[in-house]
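Excluded from the calculations below are hydrogen atoms, water molecules and symmetry mates; all remaining heavy atoms, backbone and side chain alike, are included. For reference, positions follow the sequence shown, starting with 1.
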Amino acid sequence: MSFGVTTAGFVPKTLTVIKADLEAAFRVSFGDSIDVSPQSVFGQIIGIMAERYAELWDLSEALNAGFNPDA
């Protein structure tokens, strides 16, 4: 799925998608055997980062809407 500005309008990444992307990136960097559950250290870091990235996606969506005269 495409995110950002698309022909269908602005499509933000959801928190779930962001977490999945970060978990995959952590597994690539640290190995498939790392624990990314919400209770683990890596899971806590991923959760904090994902929330911040979700806020940026929300801000991006609002900024995009600001340039839309119909919004």
Original post:
Linking I/L/V/M/F/W/Y whenever any side-chain heavy atoms sit under 4.5 Å apart, do L63 and V5 land together?
Top reply: no
Subject >> Heavy-atom donor-acceptor pair, S29 side chain to F26 backbone, under 3.5 Å >> reply: no
Original post:
Does anything in residues 26-49 pair up under salt bridge (charged side-chain N to carboxylate O under 4.0 Å, His left out), and if so which pairs, sequence neighbours excluded?
Top reply: none
Subject >> Residue pairs involving residues 3-19 (criterion salt bridge (charged side-chain N to carboxylate O under 4.0 Å, His left out); sequence neighbours excluded) >> reply: K13-D21
**OP:** Verify the cluster assignment for F10 and I18: are they in a single hydrophobic cluster under the rule of side-chain heavy atoms below 4.5 Å apart?
**Re:** yes
In a table with atom names and distances, give each donor-acceptor pair under 3.5 Å that connects a side chain of residues 43-61 to protein atoms at least two apart or in another chain.
| from | atom 1 | to | atom 2 | distance (Å) |
| --- | --- | --- | --- | --- |
| Q44 | NE2 | P38 | O | 2.4 |
| S60 | OG | L56 | O | 2.9 |

Subject >> For V11, all residues meeting side-chain contact (heavy atoms from CB on, under 4.5 Å), sequence neighbours excluded >> reply: M1, F3, T6
